[in-house]
**Q** 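Dumping the structure here so I can ask a few things about it.
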Amino acid sequence: MNKLWIIALIMFIYACGSNKYVITSSLEYRSSKSIVKKVNQNHLDYNWFTAKLSGKIEFDGADTPISANLRIRKDSVIWLSVSALLGIEVARIQITPDSLKMMNRINKTYWSGDFEDVESAYGIPTNYEQLEGILVGQISLEKQKLRSIISENKYLLFNKSKKEIPQTKAWIDNRFLMHTFLLEDELEQSLTIRYVEYEKHAQRWVPLKLNLLLANTEQQTEANFTYSKVNINNPKKVNFSVPENYVPID
């Protein structure tokens, strides 16, 4: 495992969608502001979010299984302990608002950087808030100028202006939960984020299954994650200490 695992996780904030909209009348029309307000009311109120994460990443014809312990302290840190068979830790990742760190237990290497490094190297403008929101199903729509229509029995929000980059589309179901979030930039780089299943915790909805598809004109990467053993507001340790014999990687 190398730093591309972190990059792949961050790149999942991008998505694309069709410009063809099928209008239906099974839902009552609402303005975009009304829909966003309802979505925000469904957001989980938490200080800590912890879960077991399992799934796979499909890239270049190969499937890589993923098993990890996920710990999030709201607005503070995202921590992942990635395991192989028999529960042996093979990598550890820690992301804060101003830093990204990863160490490879197998190769005894580590990498550290920040979101500016990612944007400079890959042209991906993102931040900690966006990444944390994706993981807990709380993608922010408040700072965008959006239109709303009804499409495929869901509310569809999209940019008022086609000149805005990246272009945003969000499908909201009849419970006012995010179903699909899509972005596309001017280079036709895109990612689809789908929340396949939710369940209630602390009287609020938590995503259980996520499907992430990153694509460009040459290749695509798909990830499917499932959460289990979800726990809200149960503080956990988020240690990240690199042993002295580990070697830094570029």
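Throughout, residue positions are numbered sequentially from 1 according to the sequence presented. Side-chain atoms are counted along with the backbone in the values below, which use heavy atoms only and exclude waters and symmetry mates. None of the values given here were measured: they were computed from a predicted structure.
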**Q** ring-ring contact (aromatic ring centres under 6.0 Å, His included) for Phe176 and Tyr155? Distances and angles first, verdict last.
**A** CA-CA 9 Å; Phe176 297 98; Tyr155 293 108; 5.6 Å; yes
**Q** Give a yes or no on whether the backbone of Asp117 and the side-chain of Asp114 come within a donor-acceptor separation of less than 3.5 Å.
**A** yes
**Q** So does Leu146 get a backbone contact from the side chain of Asn159, meaning a donor-acceptor N/O pair under 3.5 Å?
**A**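 Looks like no, no N/O pair under 3.5 Å.
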**Q** With heavy-atom distances below 4.5 Å as the criterion, would you say the side chains of Val206 and Tyr195 are in contact?
**A** no
**Q** Using 0.5 Å steps for rounding, measure from the CG atom of Leu100 to the CD1 atom of Ile95.
**A**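 If we round to the nearest 0.5 Å, Leu100:CG and Ile95:CD1 are 5.0 Å apart.
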**Q** Any side-chain heavy atom of Ile78 sitting closer than 4.5 Å to one from Leu70?
**A** yes
**Q** Indicate the atoms forming the closest heavy-atom contact of Phe158 with Lys169, along with that distance.
**A**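 Closest pair (atom of Phe158, atom of Lys169, distance): CB-CG, 4.0 Å.
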**Q** May I ask you to test the Arg92-Asn239 pair for a side-chain heavy-atom distance under 4.5 Å?
**A** yes
**Q** Should Gln219 and Phe59 count as side-chain neighbours, where that means a heavy-atom distance under 4.5 Å?
**A**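 In contact.
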**Q** More than 12 foreign heavy atoms under 6.0 Å from CD of Gln41: is that the case here?
**A** yes
**Q** Tell me whether Ile139 shares a hydrophobic cluster with Phe225, the cluster being built from Ile, Leu, Val, Met, Phe, Trp, Tyr side chains joined at under 4.5 Å.
**A**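 Yes, one cluster joins them.
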**Q** Heavy-atom count check: over 12 atoms from other residues, nucleotides or ligands less than 6.0 Å from Lys74 NZ?
**A** yes
**Q** Test side-chain contact (heavy atoms from CB on, under 4.5 Å) on Leu208 and Val230 and set out the steps.
**A** CA-CA 9 Å; Leu208 287 187; Val230 174; 4.2 Å; yes
**Q** Under a 3.5 Å distance rule, please check whether Gln167 uses its side chain to pair with a backbone N or O of Ser161 as donor and acceptor.
**A**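 Side chain of Gln167 to backbone of Ser161, a donor-acceptor pair under 3.5 Å: yes, one is there.
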**Q** Got a second to check how far Met103's CE is from Glu89's CD, nearest 0.5 Å?
**A** 6.0 Å
**Q** Show your reasoning for whether side-chain contact (heavy atoms from CB on, under 4.5 Å) applies to Phe181 and Thr168.
**A** CA-CA 8 Å; Phe181 182 74; Thr168 298; 3.6 Å; yes
**Q** Hydrophobic cluster membership, with links at side-chain heavy-atom distances under 4.5 Å among I/L/V/M/F/W/Y: are Ile72 and Val77 in one?
**A**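 As far as the 4.5 Å side-chain criterion goes, Val77 and Ile72 are not connected within one cluster.
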**Q** Could you state the interatomic distance from CD (Glu129) to CD1 (Ile134), rounded to the nearest 0.5 Å?
**A**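 Here the rounded value is 11.0 Å.
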**Q** Distance only, no hydrogens: is a donor on one side chain within 3.5 Å (strictly under) of an acceptor on the other, for Tyr29 and Ser148?
**A**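 Looking only at side-chain atoms, Ser148 and Tyr29 do form a donor-acceptor pair, the distance falling under 3.5 Å.
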**Q** Testing the basics here: between Asp75 and Glu132, what is the closest heavy-atom pair and its distance to 0.1 Å?
**A** N-OE1, 3.0 Å
**Q** Search all heavy atoms of Glu222 against all heavy atoms of Leu213 and return the closest pair with its distance.
**A**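 Heavy-atom minimum between the residues: CB-CD1, 3.8 Å.
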**Q** Are there over 12 heavy-atom neighbours, none belonging to Arg73, within less than 6.0 Å of that residue's CZ?
**A** no
**Q** Within the structure provided, determine whether Ile57 and Thr221 are in side-chain contact (heavy-atom separation under 4.5 Å).
**A**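 Side chain of Ile57 against side chain of Thr221, heavy atoms only: contact under 4.5 Å found.
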**Q** How long is the span from the NE2 atom in His179 to the OH atom in Tyr198, to the nearest 0.5 Å?
**A**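 OH of Tyr198 is found 8.5 Å from NE2 of His179.
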**Q** List the steps, then state whether side-chain contact (heavy atoms from CB on, under 4.5 Å) holds for Tyr246 with Asn104.
**A** CA-CA 9 Å; Tyr246 278 38; Asn104 185 322; over 6 Å; no
**Q** Would you kindly confirm whether Trp79 and Val136 end up in one hydrophobic cluster when ILVMFWY residues are joined by side chain heavy atoms under 4.5 Å apart?
**A**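 No, no single cluster joins them.
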**Q** Could you check whether the rings of Tyr46 and Phe49 sit parallel, tilted or perpendicular, using 30° and 60° as the cut-offs?
**A**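 Rings of Tyr46 and Phe49: perpendicular, as their planes differ by over 60°.
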**Q** How far apart are the closest heavy atoms of Leu53 and Ile66, and which atoms are they?
**A** CD2-CG2, 3.6 Å
**Q** For Thr96 and Asp98, does a side-chain donor sit closer than 3.5 Å to a side-chain acceptor?
**A**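 Their side chains do contain a donor-acceptor pair, which is all the 3.5 Å distance test asks for.
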**Q** Over all heavy atoms of both residues, which pair between Trp171 and Lys154 is shortest? Give the atoms and the distance, please.
**A**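 Scanning both residues completely, I find the closest heavy atoms to be CD1-CB, 4.0 Å.
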**Q** Which heavy atom of Asn40 sits nearest a heavy atom of Glu142, and at what distance?
**A**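 Looking at all heavy atoms of both residues, the shortest contact is ND2-OE2, 2.7 Å.
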**Q** Between the side chain of Asp185 and the main-chain N/O of Pro166, is any donor-acceptor distance below 3.5 Å?
**A** no
**Q** Can you confirm whether Arg147 is buried at CZ, in the sense that more than 12 heavy atoms of other residues, nucleotides or ligands lie under 6.0 Å from that atom?
**A**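 No, CZ of Arg147 has 12 or fewer neighbouring heavy atoms, counting only those of other groups under 6.0 Å.
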**Q** For the OG atom of Ser151 and the CG atom of Leu157, what is their distance to the nearest 0.5 Å?
**A** 11.0 Å
**Q** Find the distance between CD (Glu199) and NE2 (His201) and round it off to the nearest 0.5 Å.
**A** 3.5 Å
**Q** Tell me whether Leu212 shares a hydrophobic cluster with Val196, the cluster being built from Ile, Leu, Val, Met, Phe, Trp, Tyr side chains joined at under 4.5 Å.
**A**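 Result: no, two separate clusters.
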**Q** May I ask you to test the Gln203-Asp45 pair for a side-chain heavy-atom distance under 4.5 Å?
**A**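 Not touching, per the 4.5 Å side-chain cut-off.
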**Q** Is a side-chain donor or acceptor of Arg204 paired with a backbone partner of His43 at a separation under 3.5 angstrom?
**A**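 Judged by distance alone, yes, a pair lies under 3.5 Å.
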**Q** Give a yes or no on whether Asn234 atom CG has more than 12 heavy-atom contacts from other residues, nucleotides or ligands under 6.0 Å away.
**A**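 Yes, enclosed.
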**Q** Run the side-chain contact (heavy atoms from CB on, under 4.5 Å) test on Ile193 and Thr180 for me, step by step, so that the C-alpha distance in whole Å, both residues' side-chain angles and the decisive distance to 0.1 Å come before the verdict.
**A** CA-CA 6 Å; Ile193 304 171; Thr180 306; over 6 Å; no
**Q** Is it possible for you to say whether Leu141 and Leu27 belong to one hydrophobic cluster, with membership spreading through side-chain heavy-atom contacts below 4.5 Å?
**A** yes
